[in-house]
Every structure is written in structure tokens, then in C-alpha cells.
Amino acid sequence: MLDLPKQYDHQSAQKRWYPFWESRGYFHSEPDPAKRPFTIVIPPPNVTGALHLGHALNNTLQDILIRQKRMQGFEALWVPGTDHAGIATQAVVERRLLEEEGKTRHDLGREGLVGRIWAWKNQYEARILAQLKQMGCSCDWARTRFTLDPVCARAVRHTFFRLFQQRLIYRGKRLVNWDTMLQTAVADDEVFHETVPGHFWYFYYPVIDPRPGEPDRVMIATTRPETMLGDTAVAVHPDPARALERIERELEKKLAEAPEREKADLAAELDEVRRRRVELLPELLTLRDMAHDGRRVMLPLVDRPIPLVADEWAKPEMGTGCVKITPAHDPNDYEVGLRQGLPMINILNPDGTLNEFAGRYRGQAVLEARQNVVADLEKLGLVAKIEDRQIDLAHSDRSKTPIEPLLTDQWFVRMERLSQMAMDAVTSGRVKILPQRYTKGYLDWLSEKRDWPISRQLWWGHQIPIWYCKTATEDELKAAFRGRSDVVWQWDGDHRQWLICAEEEDLAPDAVPGHELRRENDVLDTWFSSALWPHSTLGWPDATPELGYYYPTSVLVTSRDIITLWVARMVLTGLFNCGDVPFREVFIHPKILDAYGETMSKSKGNGVDPLDVIEKFGADSLRFGLAYLTTETQDIRMPVAFECPHCQALIEQTKENRTRPRIRCVHCQKDFSTQWAQKQADRALPRAAVVSERFESARNFCNKLWNAARFTLMNLEGYTPGAVAEEELRVEDRWVLSRLATVTGQVTEALAAYQYADAARTLYGFAWDEFCSFYVEMVKGRLQDPAARPVAQRLLAHVLDTLLRLLHPMIPFLTEEVWQLLGQAAPERGIDAARPAAASIMIAPWPEADPARRDPEIEERFARFQEVLRAVREIRSRQNVPPRQSIEFAARCDAATRALLVPMEPYFASMAGARPTAWGPEVEAPAISANATLPGIEIFVDLAGLIDLDAEIARKKDELARLDARIATQRKKLANENFVQRAPAAVVQKERDTLRDLEGQRDATAAVLDRLASLPQGKRS
RNA sequence: GGGCGUUUAGCUCAGUUGGUUAGAGCGUCAGCUCGACAAGCUGAAGGUCACUGGUUCGAGCCCAGUAACGCCCACCA
């Protein structure tokens, strides 16, 4: 007899089967014209750090699809890889460099720093790929890519070249979010806002040569006084009277409709606007006229005359009604500057200090300059007032330092045409986004057609393949690159220089004889290379067999926050480079949140490491648990817990305790450390893993499966393969085969629609509540009977075999472990015809739903059986019948029901410890019995000497009341003429049948109650 | 300000084209070491389906509105 442990050992299974699969080459895919391809490219994780639970979810969902499609006979390819994540990775490495060695990137130089980042990348890439393997991901490792490797670099170069050649890339000035620490532009989504206490300063700018009736100064307000050094205008609204009037009317309307509690605020606002119309408007009108006259004010401190301009940006209801314009340091002012044709004066150096345009403040840091500017204006008597105010300050997500808006030269992709292509691909249905509701965000974002800023002033990334030359003539360029189609150039008029782009090879500084070429230092936005991922990984720009076979890929599985940044850009570069969409479908999966609905992150301390979950619960439980929670609309909430390293108890993580360096276990009272441990004493303590109890039920399910398999394996001694004839099948066999056919269909359908939770729940229910709770229980007797045993064994092996295959995509390790054991005990399986099992479940065929096996009649019979069984068990329980004591029962029912249930007789004994004594219409209730009334069946358990009469009577009274209430509802429904006339006949008939059943039950229950109540007291216990 | 989502048992969530008594897991209670499984088995308790109105013979489901919570985008001298 096999000796298997009672608990599934996930560690050992994971250790053995992953190398087995890998060594057999099951993960590897090659183009095979005889098969249909199914391709997924992984959303490449950033090499900034280890994988978190969100990655675990993302990759589990992909692996489920890949494994299933592979079993379905597709040539399944899953391309793995990682992303260099430009700014994020460089920021992490720079921060460590500073913390650990006190050095900046400039101490190391470009090459030195990039070398450090490569070392970091190698470390984390290895860790990430190892994590994927531990999760069981069946990626084709031979095709692992990195967005900065030579293959991807080549695709980047070619794409840039093609875009440049078609004039879809240009260089231009743009106000960017400048990170003064990293000294690079950062994207809008890499900026976070924090509210900090600040001030509102009111300054006067003197009017130059005021005329009679004109003010001699204008008042402006600012939160950033030092930027006044770069002011090039003061704006006033072109029609302040109308603007104020409009706002007043709007407010009046709002006030009339507003709920009571908002009225006070609105009224105050309205008063303010009215006050302005009286007190401020005359001056604003004068200023407006002065603006039209081309009058100027004197910018103090730098003594620069600047114009008054009329521009709608100056809202008369805000601030002083006038606004200073600093085009080079404020996004809105920049727009005004463009509109009004104002000069743009950049007063900042890249490191955040002021430059030569700041006059005597040159060299000062921003905050220093701010103090000095205010002090100097005060000396001149130009500070009107200072108010305290909360300021929403932009910070760089990477360096955590304040952002300075800065006007710089940047590279852009022209989006007009490309955006339209990407929109068309989705509106036409060539790319389907699922769930569909995410389509709107995608289209809205693309429809703005904002040009894509692609340059970053970093060292880690794809260096822009552009060389500058100021001195050569076009003829000289033509001569130098004669006969070369891989070099193109454009004239950059603003900077009086040539922009030369080289497609494949770098240009030497002396590539144009007699002139010096200087290479662009900037690198490309990390999304530029990610955007090419589906085709660059398959070998583009070469026409590789892979590109022809696997492209377009089948589905992209990703999270909603990068639909615009990544998905949209993949679609447009795919169309631009390959002429076809990168994928047919995009599946957007839920996000993982903690118990408070917050996103998980290392900095909050609420992040769960998938490896901790795998360690404690196993990869199978991690995967099944995640699949089980992946519904269409709901994000996944995960209560987070510390696992006490001393006693393994789970200690709930709260907002309060989650950032503590040391925590005391509430169970064993011993201390453990967390990720925050800094002090020597804390670090010496054992560290708690951070896990979630939500994987417990998945772990329990895996163990249940393991034990069902264990039972099967223990009972396969003497197994003989062979077809099972129809007449050899018993009721329970036909039932389980019918259910299996249904479940197979449901699971296949659910996975095709990315309904992971449905698939998981269906399999959970079938495996636990039907296969284990019924089929296994019912087959036990037959296994002891030499005549019935062979067929029972074949059925058992077949059902388990099919169930394992259905579960394999979600639970790969356990199913392989059992598959191999089953292969030893029953190498040939199947009830239609016995066939040798596949060498691995990974390459076994996906089960086909056999509609011929569906048998509604058997399922109906089984449902009746289950009802009666449940009723008998309930009677046992409520009467406190000792578990070992056998009981007898009789059932009053019609002949048809009797015929249905008689074959089930033996199972009442094994499954409820009850023996049926009689079935049929003539059955009479025993004198002392407990009873249950079901539609069409009345069950009497003979309990002479056992019955708790009072309990039984109370019970029956409750039951009677319940039945009466339902009968009343039912009668009311049927008395409704509208219902009887308008509802479909079948529905009405069903209601009538229900009523008849209920009435029958009520009468039976009433009769039982009468009899019990009339029993002499002495009989009562 | 614009968009999206959520609200169902103590907790976390399912709930199909509108049609019997709204389900599951966890938790709770009662009882079980019976040769697969105590990570288990059997049974029970637990719900005004956020609120208001509408459509319908019939609404957890469809429509309108309200509220709370969450997310995304835009903006904030």
C-alpha cells in the first residue's frame, strides 16, 4: 500500500516538478505551422525591486491561460522579460549610493554609474525570474528579454529612426517637471502632490509713467516670490465686467439649488464676487485699457519693464484680479506666454540654483532666494501683505524633492496620426479591451493627441541616436553619408544646427570630415522601449519566423493603471512598425488592496511578498487563491498579517502596528522584528513574514484534493485498465460523469471569457461538494466488493484524471504530483477506451465536455437523494442521536419517487447511519418518530425511546408557521389576475405546483404535530 | 470639475436573459478521532440586497435620483 502523508507537501512538489518540466522543454515553443499559436508577452516587471502580490496575480492569470491553451493543443508561447525602468531604477541606485557611500552620480561618472545600475539589474532580474519560477510560471526562458538588451536596443533605434525620418519626432521647448536632485524631467505620473503650509505674498509692481486717473502700481499675489525674477508680463482679464457678472449669475443659480449645508459657503462666495464688482472692477477695467494701450509696469529688483497684457487666464474673481506671468516656470503662465508672444526667461540652473538671469540672486538656492527677494521688496515698500496658506506642492516621486517647472529642450513624438491609428484599432474591434468599460479611458486619453515627450536627462536608458553638428553644410553631410540609407538629418532652426539620426551604428565624432559631431546625451523615456515589447521581443525589425508566426499576440494581461502609458503606446507602435495590432485582446485584472482598501506598497509596510505566501501556503494555494478572487468588477482586498516566527500565529496588521520595528506576538508573547527594524537589538530578533489569511481556504482546498487523490491511490491496487460498458455504470457513476461533463464545459467557457473566479468556484464546488462528499463516499463500498471493484477503480481513476487536468492551469504542482502517482498506479486510463496517460499533466490534453454524458434524469434523482439524506442527517442532529447509533426511517412518497430512491438505499447507511425500512404511498408514521416534510416526500425516523418530544413539537410548530406564511404569499400571488394572465404559462404552472407541494407539506406537518401533541406525558424524555 | 467602480450574512465576496425559500468561504454555535482528509466531517444560527421613487404580473438584477466609500484624469496665481 502506498504511504502518502496526510498533508500535501507543497515544498517538495515544487522542488521536483519545476525542474522536471523545464528539463523536458515543455516551456519552450517554436513556430509550428501544424498548430495554431497562442502568445502572451509578459508585462515586463521593473528591475527596481522584487515582485509583489500584484505581480503574482498578473503572472498567475497569464500562466493559467498559457497552460490551458497548451493543453488545448495550441502552440503556446509566453515571452518573459524585465524592464529597465529608466528613472525608477537610476533613482534607487543613486539613493543607495548616497546613503551607503556618500557619493553622487557625478563622483562616478556616466560609465561608472551605469555599471552600478547594471549590477543592480543583474541582481534583481535574477531574483524576479526566480520568483516567477517559484510561482510555477511556464515562460519560455530561452526567449527572456530585457528592454535594454541588444535585441530591444535595435528595435528602439529602428523605431526612432523611422519616426524621425517621417518627421514624427521633433525637438522643442517645453515646460517640464524638473527634478533638481536627479536633474531630469519627470513625467506627470511620476509627480505626487503634497499639501504643505506656505504663504501667499502680495506685491506691488509700479506702473511706468502713470497717467491721471490711472493707478500708480498693480498688486499681484504669489506663492513663489522668487519666480518674479523671471516675470515677463502682468495679466489682467480682457473683460472683467462680463466675467464677474457671469460668475455671479452662476453662483446665484447654484445657491438656489444647493442643499442647505452648502448654502453658507456659496453665499460667502457670492458676497465676495459682488464686493469685487464694486471695489475692484473699476481698477481692473482701467488696467485692461492700459493693457490694450501697451502700457508697462516696472519689475522691481531686476528693474525690467514688462507689459500689461489682457488674457483670460487672469481671473477677476481670484487673488488680486491681476496675475504675474512667469512663462518659463509655470505651466499656465507658459500658455499665456505662447498666446501673448512673451519672452520666456529661465532663471534656474539644472541643480535648482538661480542662474545669471536672476541678477544679484545668482547662485542662490530657491528657498534662499525667496527669503532675499521678499526682504528686498520689503525694503522697497512693495510688499502689501502676507497671508498663511496651505500650498499643494508638486514633488518628484523618484527623489521625493519638490518639482521645479522648467523650460527646457526636449524630444517629442507627434501624436496626431499615431493616436488616431491606435483609437481606430480599438473602435473597430481589432483590439478588444476587457472588461469593456476600460475602453472609454483609453479612447479619451488618446483623443487629446498630446505629443509624447520622450527625452529624459538620465544616464540609464537608450541614448537618443541623434548627433548634432553646427558647422557643416548640407552638401558636406550629403557627401559624408553618400549611399547610406541609415542616416538622415534635419535642420534645427531654433538652435542653428543639424540633427543627424543614425539607424543602426553610432556615428564617430569625425564622421563628417572637418566637423565635429556631438551626440545627444539624453536617453529615451522607458515607455518608449516598453511600447515596442510585443514585436521587439519577437525579433523585429527582422522578419523573423517568430514575428510571422506569433505576432499579433493573443492577449495582453495587465493592470488598469497603465492602459494609457503602456497599452495605448504598444498599439500605436505595433501599427506603425508592423502594420498590425500587437494583441487581439487586453484583459484588465483587478488591483490588490490591503484590508483598508489601500494599495500595497513597501513604503507603507503593507506589501505581501509572494514568496512568503508560497513558503507558508504553497504556490498552488497562492495561485488558486488569486484566481478565486479575480472577478470582473471587484478589486481584491487582502487583510495583511504578520506570521509570528516563534509560533506561526497570524497577527493582524493594522495601520498602527504596520510600521513598527518590533511587535510582540499576542499568542506566545515573544517579540519579532519587521522590515522596519533598524536597531541592532531589533534586527537580532527573528523577522516575521507578511502574509494574508485569504490563502487559507485555497490551501485547505489543495489539501482536500490531495486527500481525495490519496484515497484514490490507496484503492487502486489491482487496477486493470479497460473500457466500461454503459450497463456497468451505476447511478452515482452516471451522475458524476454527467456533472463532470457540465463542469468541463463551464470551466472551459469561463476561462475563455477570463472569468477566473467562476472557473475556480466551479471546480472548487465540484471537487469538494460533489466528488469528495458524494462520489468518493459512495464508491467506498464497491471498492470492498471484488466483483464491483474493477469498474469502480476505473471510474475513480478517470474522474480524478479529468479533474486534475481541469485544475492543472491553476494548481500546477499538486496536479502534476498526483498525475505522476496516478501514472504509476493506473498508467492507462479512460472509460470509453483506456489510453496511456501523458508523461506530464502539462502536456496532457484539455478535457472535452461530452454532451452525451449529460443526464438530467440522473441529476434529478440525485438531487432527491441528497435532499432526503440531508433531512435524515438533520433529524439525527436535532435529536442528538449518538453518531455511532444506527437509526431506521420510512418514507411516504409516490411510486415514481420510490423507484428513484430505492437504488440509493445502501448509501443512507454509509452516509447517514440510517436504514430505510419502507418506501411508498402506504407508509404509515410510527407512533413515536421525528419527521421531515419535503415536497412529495415525508420522512419518519423511528425514535422510540430516543425522542426529545418537546424539542420535536417546538420544531414542528415553527415549521408549520413557516409553511403557512409561504402558502399565504403563494396564494396571494396566484390570486393576482394580472400575474395569472400576463406571466408565461410555464411560470404560472410552476407557482401552482409549488403551492400544491406546500399545502401537502403543511397538512403532513399538521398531522404529525397533532399526533405528537396527543402522546401521553410519560413517553416524553 | 470630468469619468469609472463599489454598496448583498459579523468579515471577504458570488449572484447568468427579471421568475420557487438570495448563495459560498471565513468567523460563530452544537455534535463528531468512522481507515482519504481536524487544513476534516455533520448540523444549525445569521440577510429590510445602502436609501428614495419608477417600470413590470413579478426587481438584489432594469430606469431615475440621493448618500457613503474607493480609483483614475484634469485643475488649484
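The sequence lines fix the lettering, A, B, ..., with proteins before strands; numbering per chain opens at 1. As a basis for the values below, the full set of heavy atoms in this structure was taken, side chains included, without hydrogen atoms, waters or symmetry mates. Because the structure is predicted, anything quoted here is derived from the model rather than measured.
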task: Take A/E749 and A/Q755, measure what side-chain contact (heavy atoms from CB on, under 4.5 Å) needs, and give me the verdict at the end.
output: CA-CA 8 Å; A/E749 251 172 65; A/Q755 288 162 355; over 6 Å; no
Between [M] and [N], how far apart are the [atom1] atoms? Round to whole Å, please.
N	M	atom1	result
B/U8	B/A14	C1'	10 Å
B/G3	B/A9	P	30 Å
B/A39	B/G2	C1'	49 Å
B/U16	B/C61	C1'	10 Å
B/U12	B/G70	P	14 Å
B/G23	B/C32	P	29 Å
B/A64	B/A74	P	28 Å
B/G60	B/C51	C1'	14 Å

- prompt: Taking only side-chain nitrogens and oxygens of A/N700, does any of them come within less than 4.0 Å of OP1 or OP2 of B/G40?
  reply: yes
query: Are any of A/T631's side-chain N or O atoms less than 4.0 Å away from OP1 or OP2 of B/A14?
result: yes
task: Return the orientation label for the A/F766 and A/F771 ring planes: parallel under 30°, perpendicular over 60°, tilted otherwise.
output: parallel
Select base, sugar-phosphate, or nothing to describe what [X] touches, counting heavy atoms under 4.0 Å on all strands.
X	result
A/K440	sugar-phosphate
A/R224	nothing
A/C322	base
A/F200	sugar-phosphate
A/Q7	base
A/W768	sugar-phosphate
A/A708	base
A/T326	nothing

Which nucleotide in the list [options] gets nearest to the side chain of [X]?
X	options	value
A/R637	B/A36, B/U12, B/G25	B/U12
A/R694	B/A14, B/U12, B/A36	B/U12
A/Y764	B/C4, B/G25, B/A36	B/G25
A/N703	B/G43, B/C37, B/A77	B/C37

statement: Assign each of A/A235 and A/S877 the nucleotide of RNA chain B bearing its closest heavy atom; nearer the 5' end lies the nucleotide of A/S877
field: Position toward the 5' end of RNA chain B (nearest nucleotide), A/L869 or A/R761
entry: A/R761
message: Does the structure place the NZ or CZ of A/K385 under 6.0 Å from the centre of the six-membered ring of A/F203, at an angle of no more than 45° from the ring's axis?
response: no
Name the pairing partner of [N], where a pair is Watson-Crick or G-U wobble with both distances under 3.5 Å, or state none.
N	answer
B/G43	B/C29
B/A67	B/U7
B/U16	none
B/C37	none
B/G1	B/C73

- request: Step by step, work out the ring-ring contact (aromatic ring centres under 6.0 Å, His included) result for A/F908 and A/F889.
  value: CA-CA 10 Å; A/F908 288 104; A/F889 72 96; 5.3 Å; yes
[X] has an atom [atom1]; how far is it from atom [atom2] of [N], in whole Å?
X	N	atom1	atom2	result
A/M911	B/C32	CE	C1'	16 Å
A/R276	B/A77	CZ	C1'	12 Å
A/L814	B/A39	CG	C1'	13 Å
A/Y334	B/A77	OH	C1'	19 Å
A/Y205	B/A77	OH	C1'	11 Å
A/D635	B/U7	CG	C1'	14 Å
A/F908	B/C34	CZ	P	24 Å
A/R876	B/C34	CZ	P	14 Å

Heavy-atom donor-acceptor pair, [X] side-chain to [N] base, under 3.5 Å:
X	N	value
A/R699	B/A39	yes
A/K704	B/A39	no
A/E777	B/A36	yes

field: Chi-based syn or anti call at B/C34, which uses purine or pyrimidine torsion atoms and a 90° bound
entry: syn
field: Over 12 non-hydrogen atoms of neighbours within 6.0 angstrom of CD in A/E448
entry: yes
- prompt: Got A/L803 and A/L705 here, is their nearest side-chain heavy-atom distance under 4.5 Å?
  reply: yes
- prompt: Are A/R876 and A/E874 close enough for a salt bridge, meaning some N to O gap below 4.0 Å?
  reply: no
query: Do NZ/NE/NH1/NH2 and the carboxylate oxygens of A/D311 and A/R339 come within less than 4.0 Å?
result: yes
A/D620 versus A/Y8, side-chain donor and acceptor atoms under 3.5 Å: yes
